[in-house]
There are 2 protein chains.
Amino acid sequence: MGATKTDHFTAQQNELANLAKALGHPARIAILEVLLKMEACICGDIVNELPLAQPTVSQHLKELKNAGLIKGNIEGNSICYCIDAENWNKYKELLSAFFAQLNLKINCC
Amino acid sequence: MGATKTDHFTAQQNELANLAKALGHPARIAILEVLLKMEACICGDIVNELPLAQPTVSQHLKELKNAGLIKGNIEGNSICYCIDAENWNKYKELLSAFFAQLNLKINCC
DNA sequence: TAGCATCATCGTAATATTGCAATGAACAAA
DNA sequence: TTTGTTCATTGCAATATTACGATGATGCTA
């Protein structure tokens, strides 16, 4: 069909998958890196840093915002984007906990 | 268009995005959780644990294998899948390093 | 007010992903 | 050899994603 069968999985599985999905595009990684590197949150020249047109960047920003990874504040004419620190750390823990589950003693293949 | 402009981004950005993309589906998270929970790597009854048909699971397994997250060994008639521990830990570090970049002092929005 | 800048949204085209029935390949057992 | 089991692959339909030109909304400035 093409549509993910979200209903059949647990809330935790879907949350982790949604987070990963939001990170699953190099442009979105690049946007986050720009926001991380800037000592203050920059406003709209993310577009200039990326090899993509303005509507495309805007769309990626929207997805990062929906995922809770970034926040956007209106600042006069432009918009100030920055990392959503609270969610960022929550997601950091979520991923960390997921990857910590591996029992190193077991290695059969 | 529809195709991701992979060429315009760095190898690191693409690597991270590919990893995240592989994790970006609840079925694949569920498969990994099954493999993590089993004390030994199970063989093919992953299908029984998931609400998806066998070809669909096979496809997800293929993607996880391509991403380097799991390995598969032929064992007579069936196949033994398990976490690729080496890559797993590499990816764990990769994600950890990415999320560690946040400077907590900066929070403008 | 008129013009400009910034950013979102709409509409559309190209491509990717998801899911499964049907089928195929490989092996084990009768 | 035949039958059954396990898993991959093929082919297809439905849906999602990616990208961008055109356009709209908003606020600043002259």
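Throughout, a chain's letter reflects where its sequence line sits, starting with A, and its residues are numbered from 1.
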Any chance CD of A/Gln101 has more than 12 other-residue heavy atoms, nucleotides or ligands included, within less than 6.0 Å? yes
So, OP1 or OP2 of D/dC20: does either fall under 4.0 Å of a side-chain N or O from B/Lys5? yes
Test applied, ring pair (Phe, Tyr, Trp, His ring centres under 6.0 Å); reference residue, B/Phe99; option that passes from A/Trp88, A/Phe99, A/Tyr91: A/Trp88
C/dT6 phosphate, OP1 or OP2: any side-chain N/O from A/Tyr81 under 4.0 angstrom? no
Please state how far atom CD1 in B/Ile31 lies from atom C1' in C/dG19, giving the value in whole angstrom units. 13 Å
Check the distance between D/dT17's P and A/Glu63's CD and give it to me in whole angstrom. 7 Å
Report which part of the nucleic acid B/Thr4 touches: base, sugar-phosphate, or nothing (heavy-atom distance under 4.0 Å, all strands). sugar-phosphate
Any donor-acceptor pair under 3.5 Å between the side chain of A/Gln54 and the base of C/dA8? yes
Roughly how many Å is it from CG in A/Asn73 to P in C/dA8, rounded to a whole number? 13 Å
Nearest-neighbour nucleotide for the A/Asn77 side chain, C/dA5, D/dG4, C/dT17 considered: C/dA5
Distance test, side-chain N/O of A/His60 to OP1/OP2 of D/dT17, below 4.0 Å: no
For atom NE2 of A/His25 and atom P of C/dA16, their distance in whole Å: 11 Å
Which pair of non-hydrogen atoms, one from A/Leu52 and one from A/His60, has the smallest distance, and what is that distance? CD1-CD2, 4.1 Å
Any idea which of C/dC20, D/dC20, C/dT18 is nearest the B/Ala53 side chain? C/dC20
Starting from C1' on C/dC7, measure out to CG on A/Leu61 and report it in whole angstrom. 10 Å
Classify the ring geometry of A/His25 against B/Phe9: parallel below 30°, tilted from 30° to 60°, perpendicular beyond 60°. perpendicular
Could you tell me how far apart A/Ile79 (CD1) and C/dT9 (C1') are, to the nearest whole angstrom? 13 Å
Any A/Ser58 side-chain nitrogen or oxygen under 4.0 Å from OP1 or OP2 of C/dA8: yes
Side chain to side chain contact (heavy atoms under 4.5 Å, CB included), that's the test. Do B/Leu23 and B/Ile29 meet it? Break it down for me. CA-CA 6 Å; B/Leu23 295 172; B/Ile29 296 290; 4.3 Å; yes
Which residue, B/Leu35, B/Leu36, B/Leu32, forms the side-chain contact (heavy atoms from CB on, under 4.5 Å) with A/Leu102? B/Leu36
Closest heavy-atom pair, A/Lys65 versus A/Gly72, reported as atoms and distance to 0.1 Å, is CE-N, 4.2 Å
Just to be sure I understand the rule, does A/Lys65 reach a base, reach only the sugar-phosphate, or reach nothing, if contact means heavy atoms closer than 4.0 Å? nothing
Counting just side-chain N and O atoms, does A/Lys21 come under 4.0 Å of either OP1 or OP2 of D/dT17? yes
Check this one for me: any side-chain N or O of B/Lys62 less than 4.0 Å away from OP1 or OP2 of D/dC7? no
Taking NZ, NE, NH1 and NH2 as the nitrogens, is one of them in B/Lys37 or B/Glu49 under 4.0 Å from a carboxylate oxygen of the other? no
Looking at B/Thr56, I'd like to know whether one of its side-chain N or O atoms comes within less than 4.0 Å of OP1 or OP2 on C/dC20. yes
State which of C/dA26, C/dT15, C/dT18 makes the closest approach to the side chain of B/Ala3. C/dT15
Could you tell me how far apart A/Leu50 (CG) and D/dA19 (C1') are, to the nearest whole angstrom? 13 Å
Hey, which of these two, A/Ile74 or A/Pro51, hits DNA chain D nearer its 5' end, going by closest nucleotide? A/Pro51
Nearest whole Å is fine: how far is D/dA19 C1' from B/Phe9 CZ? 11 Å
Is a side-chain donor or acceptor of B/Arg28 paired with a backbone partner of B/Lys21 at a separation under 3.5 angstrom? yes
Stems for DNA chain C (at least 3 consecutive Watson-Crick or G-U pairs, under 3.5 Å) come to C:1-30 with D:1-30
Measuring from the side chain of B/Gln59 (C-beta onward, heavy atoms only), which nucleotide among D/dG4, C/dC20, C/dT6 has the closest atom? C/dC20
Base, sugar-phosphate alone, or nothing: which one does A/Leu52 contact when heavy atoms must sit under 4.0 Å apart? sugar-phosphate
